[in-house]
Structures are given as C-alpha cells and as structure tokens.
> 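The structure that follows is given in the form of structure tokens.
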Amino acid sequence: MRAISSSTAIVALCIALLIGDSLCSLVPRLTLADASAGKLSKRANLLDFLIGLFTGGGSSSSTTAVPSLQAALALPSAAAVPQPTLDLYAAYAGAAYSISSTAWDCGAECQHPGTEGTVVKYHWDTPIVTSTGYIATNANKMVIIVAFRGSGNPGDWVESFGLAPTNWPDNVSGSSVVSGFLSGYLIASTQVIKTVVDLSAQFPDYAIVATGHSLGGSRAALFVADLTKKHPRLTPRMQLFTYGQAKCGNHKFAQYMDTLGIPIVREVNKGDIAPHLPLDNSPYVHFGTEAWVTLSDKTVFCKSGDYSHCSASLSPASYNIADHSTYRGL
C-alpha cells in the first residue's frame, strides 16, 4: 500500500471526511487496488481506519520464552520490553476482534504462545454506542486481561467524529480526553470495572493488564485511568500495552498517566499513521514508553516526553495505513 505523501494530503482527506464527502468515493482514489488484492485485513479496513483516526516481521529479540507478565510490573518507564511480551499482549488485543462469547476461540491469536489456559470471564458488545471487548484470566501467567476491540465496522467510529475535548476524569484537574473515544468506553465501563474489581479480589496475586489495538488501545488507556482513580489500591497491579493507539488525552491527562508508576508501553509499527493522529495542532499528546518498530525491523524504546528517536523522527511522507494492520502478534 502506498504511503500518504504529505501532511497536506492528510489534512485534505480529513476535511473531505468531515464535510461529508462520500467515503466510497475515497476508496478508489486511495486503496481499492490494494483492497481487491487482499492486502487489507479487517483491522485495516479503509472505512474503519480513516473514520476513526481522523476523528477522534521479524523480531528484534533473541528471547524465545515468553517472560512472566508478573515480572513486567517491575519494569522502569523506559526499559526495553522483550519482544515475546509485546507479541503476547498484541495477541490478546487481536483476539478482541474475534471473541464473541465467553469461549476462548478466535483462531491464530487464541493459539499464540503464552495464551494457553486463558479463560474468558466476561464479554461485552454494546449496540448503541459501539464498544466491544472481553475480560479473561490466565492462571499460567497469573494475569487478568482486559482487552478492548478496535474498529470492526464504520459504525464503530461514528461517535468518534467528536474531536472536541471532554473534561475527564473529573478529579484530575485540567485533564481532557477525546470525546468520541470516551463515549465508547463509558457505555461499558460500569460492568467492566465491577468485573475487574471482583476478579482482582478472587485472584489477589494476579496482574491486571489492559490492552487494545487502534481505537481499542485508546479505550484501554481510558480504562486504566478510570480504574486507578476509583480503586487506587489496584494501581500497583496495573499494566497497559497498546498497539497503533492514537493520541487520546491532553498534557494533564498524559501527566496523570505517567505519574501512575506502572508499565505503560505503546507499540508503534514503522510508519503507522494512527499514532500521529489527531494532528500536531490538536491539544492531545502521548504518554508512556514508546516501543517503535523501525523501518528496518529493529525495536527502539523512547521515554515519555521525548519520542524524537522513535516514530516522531519520521517525516509525514513515511506515514501509511498498511503498517496499522501488521503488528507482530496481531
């Protein structure tokens, strides 16, 4: 798939979408040939991807065994994370696209090394404001997984046309987040929080890992912010791993997330355009450690606040849609 050639082209496309230009008319101009050739997976469906992002491989590690998730709790904010760990969380994020019940049955992701013994405890799929995901446990890894699905169809992103910031969480002064991302989280949040709290009491030694790809990554971040404010005693057990996540909050929100002192790792695959959106003139910024898979398939880690040696080092000419669907493990 060819890369978007410049930031001007990105802005033009964004404006076309927002003023109501037919999405169908955009498909032939951008990716029809690629789509017909089978190069787009469901996670990179053009409609899913563009509506959401404008609104709202080889391994670099020689490690062969999947490390304990519990051990990752001790990782410093800019520590290198073993590739098998990143791939494992990616598999759990990818499973959210296929899990439709409390059965751990989703094809390749459910067979990924390290997922053996996973038991789905709760699944949600809200029809009004689209939100889908699951909560599972894995006794072998001593972990509670909370996975939010990314876009599954254009309707998933309709609510995300709202880029306007919403003040949230209420008890973090000055914090605001993307309103469209928040609406899809809040519609499911009550039962998600309750289920996680109940499971955390049932399994007091388990880590709590939130994950998601694309839109799901943004909602996973909102979940972490929500749970840590409402149940601060669970904060030391929390971890957040996202893939292709767009910016979801302003500087105050990012500061809150960074001060939690928990592993927060945001993987960016090569020139994936999603993490660069909303555009730079928006109030939104990233947080946590960035794990950037470079154009030469090496993984570079950058500390929060200085991503200049990671994906921020790319020019807009390198941004593209194809890399959004090719995260290792997904």
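If you read the sequence from its start, that first residue is 1, and numbering goes on from there.
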> Are Phe253 and Cys248 close enough that some pair of their side-chain heavy atoms sits under 4.5 Å apart?
yes
> What's the spacing between Glu290 CD and Glu267 CD if we round to 0.5 Å?
9.5 Å
> Does the side-chain hydrogen bond (donor to acceptor under 3.5 Å, both in side chains) test come out yes or no for Tyr92 and Thr118, once each step is laid out?
CA-CA 10 Å; Tyr92 276 117; Thr118 300; 2.7 Å; yes
> Would you say the side chain of Lys194 lies within less than 4.5 Å of the side chain of Thr190, judging by non-hydrogen atoms?
no
> Does Val146 reach the side chain of Tyr134, with side-chain heavy atoms less than 4.5 Å apart?
no
> With rounding to the nearest 0.5 Å, note down the distance linking CD1 in Ile144 to NZ in Lys121.
9.5 Å
> Just wondering, do Asn320 and Ile273 contact through their side chains at under 4.5 Å, heavy atoms?
no
> I want to check something: taking the side chain as every heavy atom from C-beta on, are His123 and Ser101 in contact at a cut-off of under 4.5 Å?
no
> Got a second to check how far Lys270's NZ is from Ser311's OG, nearest 0.5 Å?
14.0 Å
> Under a 4.5 Å cut-off applied to non-hydrogen side-chain atoms, are Ile135 and Gln191 in contact?
no
> Under the criterion side-chain hydrogen bond (donor to acceptor under 3.5 Å, both in side chains), I'd like the reasoning laid out for Thr115 against Gln111: C-alpha separation, chi angles, the key distance, then a yes or no.
CA-CA 7 Å; Thr115 64; Gln111 299 173 19; over 6 Å; no
> Can Ser100 and Asp125 be said to form a side-chain hydrogen bond (donor to acceptor under 3.5 Å, both in side chains), step by step?
CA-CA 8 Å; Ser100 58; Asp125 190 354; over 6 Å; no
> Would you mind reporting whether Val120 and Thr137 have side-chain heavy atoms less than 4.5 Å apart?
no
> Taking Pro232's backbone N and O only, do any of them form a donor-acceptor pair with Thr235's side chain (distance below 3.5 Å, no angle check)?
yes
> Could you check, using the six-membered ring where one of them is a Trp, whether Phe181 and Trp168 have ring centers closer than 6.0 angstrom?
no
> Side chains of Gln202 and Asp198: do they bring a donor and an acceptor to under 3.5 Å?
no
> For a side chain to side chain contact (heavy atoms under 4.5 Å, CB included) with Ser131, tell me which candidate from Leu215, Ile187, Val192 qualifies.
Ile187
> About how many Å separate CG of Asp87 and CD of Glu109, when rounded to the nearest 0.5 Å?
12.0 Å
> For a side chain to side chain contact (heavy atoms under 4.5 Å, CB included) with Asp297, tell me which candidate from Thr299, Leu295, Val293 qualifies.
Val293
> Quick check: Tyr243 with Trp292 (ring centres under 6.0 Å apart)?
no
> Measuring from atom NE2 of His231 to atom CZ of Arg237, what distance do you get when rounded to the nearest 0.5 angstrom?
12.0 Å
> Classify the side-chain pair Gln239/Tyr89 by whether it contains a donor and acceptor separated by less than 3.5 Å.
yes
> Within the 3.5 Å criterion, strictly below it, is a donor on Asn138 or Tyr206 matched to an acceptor on the partner's side chain?
no
> Taking atom types as modelled and ignoring hydrogens, do the side chains of Ser176 and Asn167 form a donor-acceptor contact shorter than 3.5 angstrom?
no
> Just say parallel, tilted or perpendicular for the rings of Tyr327 and His213, cut-offs at 30° and 60°.
perpendicular
> Testing the 3.5 Å rule here: is there a donor-acceptor pair between the side chains of His324 and Ser214?
yes
> Quick one: does NZ or CZ of Arg266 land under 6.0 Å from the six-membered ring centre of Tyr307, within 45 degrees of the ring axis?
yes
> Can Tyr319 and Asp272 be counted as having a side-chain donor-acceptor contact under 3.5 angstrom?
no
> Can you find a heavy atom in the side chain of Ser308 that is under 4.5 Å from one in the side chain of Ser313?
no
> Judged by atom type as modelled, is there a donor-acceptor pair below 3.5 Å linking the side chain of Thr259 to the main-chain atoms of Gln255?
yes
> Under the 3.5 angstrom rule, does the side chain of Ser318 hit a backbone N or O of Leu314 as a donor-acceptor pair?
no
> Looking at Ile264, Ile208, Val196, which one forms a side chain to side chain contact (heavy atoms under 4.5 Å, CB included) with Met238?
Ile208
> Distance-only, no hydrogens or angles: does the Trp104 side chain make a donor-acceptor pair with backbone N or O of Cys110 under 3.5 Å?
yes
> To the nearest 0.5 Å, how far apart are CD1 in Ile193 and CG in Leu227?
4.5 Å
> Quick check against the 3.5 Å criterion: does Thr242 have a side-chain atom that pairs as donor or acceptor with the backbone of Thr211?
no
> Can you confirm if the aromatic rings of Phe287 and Tyr256 lie within a centre distance of less than 6.0 Å?
no
